[in-house]
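Please read these numbers as outputs of a predicted model, since none were measured by experiment. Hydrogens, waters and symmetry mates play no part in the numbers below; they use all other heavy atoms, side chains included. In listed order, ligands and their atoms are each counted from 1.
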Amino acid sequence: MKILVIGSGGREHALIWKLKQSPLVTDIFCAPGNAGIAQLSACISLKSSDPSAIIKFVKEKHIDLTVIGPEQPLVSGLTDVLEENGQKVFGPSKAAAQLEGSKVFSKNFMQRNKIPTARFRSFQRDEFDAAQAYLSEIQIPCVVKADGLAAGKGVLICHSYRDAVGALEEVMVKNSFGAAGDLTVVEEFLEGEEASVFALTDGENIAILASAQDHKRILDGDLGKNTGGMGAYAPAPVVSADLMFRIKRDIVVPTLEGMKREGVPYRGCLYVGLMITAQGPKVLEYNCRFGDPETQVVVPLIDGDLAEIFLSIAERRLQPSQVKIHPASAVCVVMVSQGYPDAYQTGKKIAGLDTLRANEGIIVFHASTKEEGGAIVSAGGRVLGVTAIGYRNELDRTIQSAYRAVEQISFDGAYYRSDIGKKALKRLSTHEL
Ligand code: AMP
Ligand code: GLY
């Protein structure tokens with residue numbers, strides 16, 4: 001089987017790492033990829049925003065399956081264009097990807113389908129006064145969200161009424177998020193611990209992967225600015241077996257059944273971002289793809305042939321028994337460039353990668369790297385996702401081994417959080433008491 005993967009980050013590196021283990025796979029191409037991905041597959045400089053170039057490539061190379069990693073091409077309809085050209089694709093259609101592409105669509109969908117989520121209202125650009133009036137109806141803190149894709153920046157948590165009015169001005173008046181702010185959601189703030197759940201589905205059949213927890217803030221203790229993700233671990237003890245049962249019954253199944261009933265069957269990976277509140281799990285957001293950096297910890301725990309799983313989803317014949325989960329734990333520590341998520345420098349030479357290559361239980365996924373004169377150098381804010389795999393009931397040791405590996409890697413200005421997984425350890429130790 002020949003596979004084309006679209007994307008260039010740690011998520012795509014992790015997917016390719018797993019796809020490559022399939023005996024069915026003969027060739028993997030990645031567009032555009034990075035220096036780590038280049039060690040496993042042929043990287044090609046196709047743009048995901050150029051569907052005709054992708055179709056030409058897929059036909060010329062006789063690609064059997066295209067796997068689309070990031071949200072933008074999914075929301076823009078790359079799946080539809082490829083399928084119209086007779087190609088097999090892992091990733092939802094444009095209509096189904098609206099679950100991520102439009103927060104108003106997803107909130108209204110959840111309301112219609114009685115899926116637990118924060119109370120909300122949505123407003124058009126010319127409804128500023130109504131939006132401001134709604135602030136007095138809900139409690140502060142509250143959350144203001146631009147409707148469309150905004151590279152993770154369109155969510156504004158407001159801790160005072162003044163903050164909230166300022167956030168409405170940003171989205172609705174100052175137009176800080178462009179067309180993504182043509183509609184605005186205002187919703188109640190949910191208290192609790194966050195977790196991510198991924199469901200693989202062909203529209204009918206569902207396989208749920210290990211739960212995971214991302215670490216979005218730049219500093220230890222979940223402080224400082226929001227980032228693309230500073231680390232993750234799986235499984236997340238906050239999602240007990242009982243809670244996972246409820247999440248599947250009350251959220252995942254009604255979501256997929258609702259999409260099917262409404263004529264937009266969802267196929268691919270459904271990412272459910274959850275807040276585990278005192279009233280139970282509630283949906284913060286849906287994403288129409290795998291999470292980053294959660295993929296780096298969730299995919300290594302899949303006991304199954306990922307190429308066959310993705311192909312059977314593309315061919316609408318998934319059997320949930322194809323997807324088993326290893327009784328293991330995984331921890332990913334993301335190493336970033338100094339200054340990230342603000343301005344940072346790139347082109348820093350990375351040392352220590354070769355020493356780790358032979359290290360059993362450690363995988364270094366590249367988020368943003370490139371090859372320059374025979375060396376691997378940083379090429380973005382998030383640079384590497386150093387991932388350790390260990391026994392399920394020894395998360396503390398898995399965390400330690402991830403950090404031991406991190407200490408062997410160096411580049412000028414490298415920064416990482418030192419508390420990835422700590423929340424899970426705290427929860428595990430309280431359970432044991
Ligand atoms: P979203 O892109 O909608 O997931 O929002 C990004 C992040 O903002 C989430 O991962 C949460 O940390 C936070 N967030 C979003 N909505 C809420 C909410 N209603 N209550 C509390 N935190 C939220
Ligand atoms: N880990 C957050 C995301 O992938 O959107």
Legend entry - Pi-cation contact, Tyr271 with Arg289 (under 6.0 Å, within 45°): yes
Inset, instruction - For atom 5 (O) of ligand 1, grab the closest protein heavy atom and report residue, atom and distance to one decimal in Å. - result: Val155 CG2, 3.4 Å
Inset, instruction - Let me see the working for Gln338 and Tyr344 under side chain to side chain donor-acceptor pair (under 3.5 Å), right down to the final yes or no. - result: CA-CA 6 Å; Gln338 188 172 21; Tyr344 53 80; over 6 Å; no
Inset, instruction - Using a strict cut-off of 4.0 Å, indicate which atoms of ligand 2 neighbour a heavy atom of Asp214. - result: 1 (N), 2 (C)
Inset, instruction - Using the side chain to side chain donor-acceptor pair (under 3.5 Å) rule, take Ser76 and Lys94 through it: C-alpha gap first, then chi angles, then the decisive distance, then the call. - result: CA-CA 6 Å; Ser76 303; Lys94 179 177 180 160; over 6 Å; no
Legend entry - Under-4.0 Å heavy-atom contact with ligand 1, by part of Lys216 that carries it: side chain
Legend entry - Under 4.0 Å to a heavy atom of Glu294 - the qualifying atoms of ligand 2, by number: 1 (N), 2 (C)
Inset, instruction - Determine, using heavy atoms of Lys103 and all atoms of ligand 1, whether some pair is separated by less than 4.0 Å. - result: yes
Legend entry - Closest protein heavy atom to atom 2 (O) of ligand 1, given as residue, atom name and distance to 0.1 Å: Glu285 OE1, 3.0 Å
Legend entry - salt_bridge(Arg11, Glu294) N-O dist < 4.0 Å: no
Legend entry - Sub-4.0 Å atoms of ligand 2 with respect to non-hydrogen atoms of Asn287: 5 (O)
Inset, instruction - Could you tell me which atoms of ligand 1, counted from 1 in the order shown, lie closer than 4.0 angstrom to a heavy atom of Glu187? - result: 16 (N), 17 (C), 18 (C), 19 (N)
Inset, instruction - Please check if any side-chain donor atom of Ser93 sits under 3.5 Å from a side-chain acceptor atom of Asp80, or the reverse. - result: no
Inset, instruction - Using a strict 4.0 Å cut-off to heavy atoms of Lys145, name the atoms of ligand 1 that fall inside it. - result: 3 (O), 15 (C), 16 (N)
Inset, instruction - Would you mind running through ligand 2 and noting each atom that sits below 4.0 Å from a heavy atom of Gly291? - result: 4 (O)
Inset, instruction - Heavy-atom distances under 4.0 Å are what count here, so tell me which part of Leu284 touches ligand 1: side chain, backbone, both or neither. - result: both
Legend entry - atom 2 (C) of ligand 2 [closest protein heavy-atom partner, distance rounded to 0.1 Å]: Tyr271 OH, 3.3 Å
Inset, instruction - Have a look at ligand 1 and work out which part of Asn226, if any, has a heavy atom under 4.0 Å from it: side chain, backbone, both or neither. - result: neither
Inset, instruction - Select the closest option to atom 5 (O) of ligand 2 among Lys216, Arg289, Glu71, judged by heavy-atom distance. - result: Arg289
Inset, instruction - Establish, for the pair Arg121 and Tyr134, whether the NZ or CZ atom is under 6.0 angstrom from the six-membered ring centre and no further than 45 degrees off its axis. - result: yes
Inset, instruction - Decide whether Tyr286 and Thr255 meet the rule of one side-chain donor and one side-chain acceptor closer than 3.5 Å. - result: yes
Inset, instruction - Applying side-chain contact (heavy atoms from CB on, under 4.5 Å) between Asp147 and each of Val171, Val104, Thr184, report the one that passes. - result: Val104
Legend entry - Between Asn34 and Glu12: side-chain donor-acceptor atoms closer than 3.5 Å: no
Inset, instruction - Classify the side-chain pair Ser312/Gln322 by whether it contains a donor and acceptor separated by less than 3.5 Å. - result: yes
Inset, instruction - Give the atoms of ligand 1, by number and element, whose distance to some non-hydrogen atom of Glu188 is under 4.0 Å. - result: 18 (C), 19 (N)
Inset, instruction - Only heavy atoms count here, so choose which of Ile157, Val283, Leu149 is nearest to atom 13 (C) of ligand 1. - result: Ile157
Inset, instruction - Using a strict cut-off of 4.0 Å, indicate which atoms of ligand 1 neighbour a heavy atom of Glu194. - result: 9 (C), 10 (O), 11 (C), 12 (O)
Inset, instruction - List every atom of ligand 1 that sits less than 4.0 Å from any heavy atom of Phe189, numbering the atoms from 1 in the order shown and giving each element. - result: 20 (N), 21 (C), 22 (N)
Inset, instruction - Please determine if Leu190 has a nitrogen or oxygen closer than 3.5 Å to a nitrogen or oxygen of ligand 1. - result: yes
Legend entry - side-chain contact (heavy atoms from CB on, under 4.5 Å), paired with Leu384, selected from Val333, Val336, Ile409, Val334: Ile409
Inset, instruction - Say whether Thr387 and Gln296, considering side chains only, have a donor N or O and an acceptor N or O under 3.5 Å apart. - result: no
